[in-house]
Amino acid sequence: MSHDTLPRPAKLREPARQPARSPRRRRHWTKRANPVAGLGALIWLVVVLVPIYAMLSASLTRQDQSLTGNPLKPPGDPTLDNYGTVLNSGFGHLLANTAIAAIAVVGLVLVLAVPLAYVAVRTRNRWSGAAFRLFLLGVAIPAQAVVVPLYLLIAKLGLYDTLPAVILPTAAFAMPVSVLILTGTLRDISEELYEAMALDGASSLRMLFQLVIPLAKGGISTVVIYSALQAWNGFLFPLIFTQSDGPRVLTLGLFNYVSQFGVDVPALLASVVLSGIPIFAVYLVARRALVSGLMGVGGK
């Protein structure tokens with residue numbers, strides 16, 4: 001057989017080329033300048049920073065120069081003697097009492113507010129709703145309106161002039177807002193998660209510890225910061241319910257620099273600066289959790 005009669009191999013067909021797709025056009029969002037918002041932010045920044053600068057500047061000024069000259073002018077001869085005066089006048093004792101009160105208030109609020117918010121969210125009847133609304137009336141009641149009944153109650157319990165006399169009312173007045181924050185956070189938890197755990201035979205207590213608390217860290221962090229601030233900056237309850245130096249806290253310690261003959265302004269402001277550093281550090285660490293928790297207050 002000649003080579004001419006041999007069958008020629010079929011040519012392989014090349015795969016059809018698909019038309020090239022034109023690349024998708026991405027939308028480029030241009031950020032428009034907002035001069036009004038920028039001006040408002042600048043004004044707010046000045047409003048916040050000027051008092052802080054004046055306080056720091058005055059705390060570094062000598063006492064005989066504190067009431068003369070421009071308060072916004074940097075001190076010509078700065079000194080740290082005012083901070084030494086504060087640290088040598090029992091500041092450590094005041095700081096320890098304030099820290100104990102803040103930790104105790106946070107603990108009480110968390111132990112009571114988390115189960116209360118859980119019951120308010122999971123219980124669907126008119127009685128729980130009415131009890132929840134009645135409980136939230138505490139937001140509208142100022143502490144000044146009930147300070148006399150509280151004084152009589154604390155005196156009857158034998159708690160006057162002790163730290164519990166400061167801790168218990170502070171925790172009670174922090175409870176309504178804390179329950180409101182936690183209720184809004186717990187309502188964001190999906191109903192399917194509760195149903196899945198119920199099908200697995202989980203009890204209400206197990207749901208609380210294994211589902212609710214891990215998913216409500218933002219709201220819990222907000223409650224921790226809020227109640228700690230209430231205890232750290234509280235003035236009315238320590239003023240009314242304590243008398244001696246034993247249970248005195250930082251806010252009452254400011255009176256050490258006030259006398260009938262005058263006020264030691266630099267030492268007073270140095271004490272304010274030192275007392276604000278711990279709580280300000282806590283706020284810087286947990287500010288994102290605080291903002292995210294407050295955003296969920298409204299709930300669904």
Side-chain angles (χ1 to χ4, degrees), residues 86-120 130-183 205 208 220 222-260 268 271-272 274-276 278-279 282:
V86 172
L87 294 175
N88 293 327
S89 59
F91 181 82
H93 174 71
L94 300 175
L95 181 64
N97 284 343
T98 307
I100 293 172
I103 294 172
V105 168
V106 170
L108 283 174
V109 170
L110 289 181
V111 168
L112 297 176
V114 174
L116 280 172
Y118 175 66
V119 172
F132 176 69
R133 294 185 184 92
L134 181 64
F135 186 81
L136 290 184
L137 285 178
V139 177
I141 300 176
Q144 294 83 355
V146 295
V147 67
V148 174
L150 280 176
Y151 174 82
L152 297 176
L153 180 61
I154 288 175
K156 288 290 185 180
L157 294 175
L159 298 176
Y160 181 75
D161 201 22
T162 61
L163 270 181
V166 178
I167 294 170
L168 295 178
T170 305
F173 276 88
M175 282 288 295
V177 176
S178 301
V179 171
L180 180 62
I181 294 172
L182 290 173
T183 302
L205 191 61
L208 176 63
I220 293 175
T222 306
V223 168
V224 168
I225 298 174
Y226 170 76
S227 54
L229 283 172
Q230 296 299 309
W232 197 274
N233 298 327
F235 177 75
L236 179 64
F237 294 145
L239 178 65
I240 302 298
F241 302 145
T242 61
Q243 185 177 6
S244 63
D245 294 334
R248 181 165 289 194
V249 294
L250 284 173
T251 51
L252 290 184
L254 300 178
F255 281 104
N256 295 334
Y257 312 103
V258 180
S259 66
Q260 59 179 343
L268 177 64
S271 178
V272 173
L274 291 176
S275 62
I279 200 66
V282 173

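Once rounded to the nearest 0.5 Å, the distance linking CG of L108 with OG of S178 reads 11.5 Å. I220 CD1 to I181 CD1: the interatomic distance, rounded to the nearest 0.5 Å, is 11.5 Å. In this structure, L159 CG and T242 OG1 are separated by 13.0 Å, a value rounded to the nearest 0.5 Å. Interatomic distance, F241 CZ to T170 OG1, rounded to the nearest 0.5 Å: 9.0 Å. Atom CD1 of I279 and atom CG of L229 lie 4.5 Å apart (nearest 0.5 Å).
With a 4.5 Å cut-off on side-chain heavy atoms, L116 and M175 count as touching. Residues L252 and F235 are in side-chain contact: their nearest non-hydrogen atoms beyond the backbone lie under 4.5 Å apart.
Within the structure, salt bridge (Lys or Arg N to Asp or Glu O under 4.0 Å) pairs that include any residue of residues 99-118 do not occur (at least two apart or interchain).
Nearest heavy atoms, G234 versus T251: O-OG1, 2.8 Å. Looking at every heavy atom in both residues, V179 comes nearest to T183 through O-OG1, 2.6 Å. When all heavy atoms of P247 and S244 are compared, the closest pair comes out as CD-OG, 3.3 Å. Annotation for A171 and V109: closest pair O-CG2, 3.9 Å, computed over non-hydrogen atoms. Closest approach of S271 and V86 over heavy atoms only: N-CG2, 3.8 Å.
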Distance-only donor-acceptor hits, side chain of residues 94-106, under 3.5 Å, sequence neighbours excluded:
from : atom 1 : to   : atom 2 : distance (Å)
N97  : ND2    : H93  : NE2    : 3.2
N97  : ND2    : G246 : O      : 2.7
N97  : ND2    : R248 : O      : 2.9
T98  : OG1    : L94  : O      : 2.8
T98  : OG1    : L250 : N      : 3.0

Which donor-acceptor pairs under 3.5 Å do the side chains of residues 132-154 make with protein atoms, sequence neighbours left out?
from : atom 1 : to   : atom 2 : distance (Å)
R133 : NH1    : G129 : O      : 3.3

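With W232 contributing its side chain and S275 its backbone, the two residues share a donor-acceptor pair below 3.5 Å.
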